[in-house]
Amino acid sequence: MSATIEFVIDGKEIQGQPGQTILEAAQQAGVYIPRLCYMKGLVPHGSCRVCTVLVNGRPQSACTQPVAPGMVVENNTEKVTALRRNIVEMLFVEGNHFCMFCEKSGNCELQALAYRLGIAAPKYPYLFPTRDIDMSHPDVFIDRNRCILCGRCVRASRDVDGKHVFDFVGRGPHKRVAVNAEVRLADTNLDVRDKAAEACPVGAIMKKRVGYAVPIGQRLYDHKPIGSEIENGKK
Amino acid sequence: MAKPKVATTSLAGCFGCHMSLLDIDDRILKLVELVDFDKSPVDDIKEFTGRCAVGLIEGGCCNEENVKVLRDFRAHCDILISVGDCAIMGGIPAMRNGIPLQECYAEAYLKGPTVHNPSGRIPNDPELPLLLNRVYPCHEVVKIDYHLPGCPPPADTLWEALVALLSDKPVQLPYELVKYD
Ligand code: SF4
Ligand code: SF4
Ligand code: FES
């Protein structure tokens with residue numbers, strides 16, 4: 001293999017490989033950098049900015065920024081955490097997140113990040129936007145109230161499934177995930193076994209007839225914060 | 001020395017958060033040693049009798065009466081806490097926030113599947129508090145000092161937070177006690 005690239009995250013020496021992103025190199029070294037739109041196996045999108053770190057003092061998205069020798073990265077500092085907290089709070093007020101009856105609750109990456117960042121309530125006013133739900137497909141539904149526009153479904157369908165079932169339309173507050181059909185998900189060729197059907201970090205694209213399968217207390221993030229598995233070297 | 005006083009209320013909530021408070025089981029005996037209850041459904045005191053150390057708010061604001069009570073709590077309590085998801089983000093009642101008010105009234109009084117209303121009139125008695133255009137989280141109406149999320153927050157969450165506040169300690173809840181469901 002080629003030479004390692006040495007750099008520093010929060011004072012810890014990290015050895016990355018050429019071509020790796022900061023997020024990947026950190027993860028290999030047991031350092032968790034929070035992320036939402038990043039998913040292993042998909043082309044990084046760099047859109048949610050939750051993975052923002054300071055590289056030599058400049059904000060960069062760790063999921064897209066390649067490692068370079070000697071870079072000094074700030075990740076788990078008060079300043080960076082405050083920034084991430086703001087982003088996550090905005091995601092909550094920009095959608096309609098009723099965690100109390102959401103099937104994803106306990107296994108949701110957005111909610112888990114809010115827990116990890118210690119958010120008791122967002123400081124921004126709730127927007128309560130009008131969003132729709134598509135129940136037309138026999139096995140999968142879309143609840144756009146919970147969509148955070150991470151693009152994981154878009155990339156999974158395009159790059160892994162080779163189908164282009166999902167894409168974004170509109171801009172700004174009107175941006176939404178659309179399906180590759182006139183209106184309905186049922187009229188696309190999405191199959192419940194597609195990668196796109198399980199790529200959503202939140203409860204926006206969900207399989208039907210699963211419901212609240214795992215009891216409270218046994219769900220992914222009930223006891224340990226998201227990222228603990230990386231910090232404990234299990235991933 | 002007089003015990004500090006605690007007041008509680010349920011605005012647009014389901015009383016689930018109050019149930020959770022009762023769920024502290026026999027610690028309720030310790031609680032009455034620590035505090036006196038002022039205005040609260042727990043003792044049915046309807047009006048404040050004086051200054052309170054802590055006010056617990058369940059539910060958000062869906063009508064003008066909720067706003068009045070919430071402001072009254074802010075005026076009488078040193079520390080005001082939003083308890084539960086309805087107080088924090090509107091909760092289930094806020095599901096009406098995307099629906100025009102006229103449609104909500106029509107569903108409740110005219111068109112709903114279990115409605116029997118031959119007069120076809122929507123109640124409009126001055127005794128009835130007017131609905132707000134939407135349900136508001138408490139911190140969008142008055143200043144709130146602490147938020148304890150959950151639907152409802154576990155009894156342990158309420159207990160730990162109350163005990164910390166009443167003994168002038170910082171409220172530092174363990175990871176497992178701060179959840180949104
Ligand atoms: S998608 Fe996540 S954050 Fe949104 S309501 Fe569901 S559990 Fe809560
Ligand atoms: S539906 Fe899910 S995966 Fe697709 S953009 Fe929205 S949040 Fe991301
Ligand atoms: S995870 Fe890097 S920008 Fe979303």
Side-chain angles (χ1 to χ4, degrees), chain A residues 85 88-133 143-146 202-203 212 214-228 231, chain B residues 13-14 16-17 20 57 59-62 80-100 103 132-141 143-154 156-157 160-161 170-181:
Chain A
R85 206 178 279 135
V88 171
E89 289 181 9
M90 283 187 238
L91 290 173
F92 270 91
V93 301
E94 282 170 6
N96 296 307
H97 293 275
F98 291 91
C99 294
M100 66 291 281
F101 61 79
C102 179
E103 305 92 308
K104 193 77 171 188
S105 193
N107 299 312
C108 168
E109 292 177 35
L110 174 67
Q111 185 192 60
L113 263 184
Y115 293 163
R116 181 175 171 117
L117 296 169
I119 297 170
K123 59 182 146 311
Y124 307 109
Y126 284 92
L127 299 181
F128 294 111
T130 308
R131 304 262 188 89
D132 60 8
I133 299 174
D143 185 343
R144 293 188 174 87
N145 290 289
R146 304 165 180 162
V202 292
Y212 311 91
V214 184
I216 292 180
Q218 295 172 30
R219 302 168 306 179
L220 270 178
Y221 308 117
D222 279 339
H223 301 288
K224 290 268 178 297
I226 188 169
S228 315
E231 290 162 331
Chain B
C14 70
C17 294
S20 196
I57 309 289
C61 290
C62 81
L80 208 51
I81 310 180
S82 269
V83 176
D85 293 343
C86 294
I88 291 173
M89 53 76 70
I92 303 288
M95 289 185 76
R96 80 156 157 99
N97 282 5
I99 302 168
E103 273 179 47
L132 303 178
N133 63 333
R134 63 173 179 84
V135 179
Y136 289 84
C138 291
H139 65 271
E140 293 184 18
V141 178
K143 180 179 188 293
I144 296 288
D145 302 295
Y146 292 91
H147 296 86
L148 299 176
C151 188
D156 287 335
T157 306
E160 299 282 334
V171 182
Q172 276 165 340
L173 298 172
Y175 176 82
E176 271 144 312
L177 290 187
V178 183
K179 293 286 154 62
Y180 301 166
D181 58 7

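Heavy atoms only: backbone and side chains are in, while hydrogens, waters and symmetry mates are out. Throughout, protein chains are lettered first and strands after them, A, B, ... in sequence-line order, and every chain is numbered starting at 1.
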Does the side chain of B:Tyr180 reach to within under 4.5 Å of the side chain of A:Ser105, using non-hydrogen atoms?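 They are not in contact (no side-chain heavy atoms under 4.5 Å apart), so the answer is no.
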Within the 4.5 Å heavy-atom criterion, are B:Met89 and A:Phe98 side-chain neighbours or not? yes
Interatomic distance, A:Phe92 atom CZ to B:Ile88 atom CD1 [nearest 0.5 angstrom]: 11.5 Å
Minimum-distance pair of heavy atoms, taken over all atoms of [X] and [Y]:
X: A:Ala121; Y: B:His139; result: CB-CE1, 4.4 Å
X: A:Tyr126; Y: B:Arg134; result: O-NH2, 3.8 Å
X: B:Ile92; Y: A:Met100; result: CD1-CG, 3.9 Å
X: B:Pro149; Y: A:Ala120; result: CG-O, 3.8 Å
X: B:Tyr175; Y: A:Asp222; result: CE2-O, 3.8 Å

Over-ring placement of B:Lys179 relative to A:Tyr115, 6.0 Å and 45° cut-offs: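 Flagged: B:Lys179 positioned over aromatic ring of A:Tyr115.
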I'd like to know which of B:Gly91, B:Pro137, B:Gly98, B:Cys151 tops the heavy-atom pair count under 4.5 Å against chain A.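 Option with the top pair count is B:Gly91.
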Interface moiety of A:Lys123 toward chain B, non-hydrogen atoms closer than 4.5 Å: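 It is neither, since no heavy atom gets under 4.5 Å.
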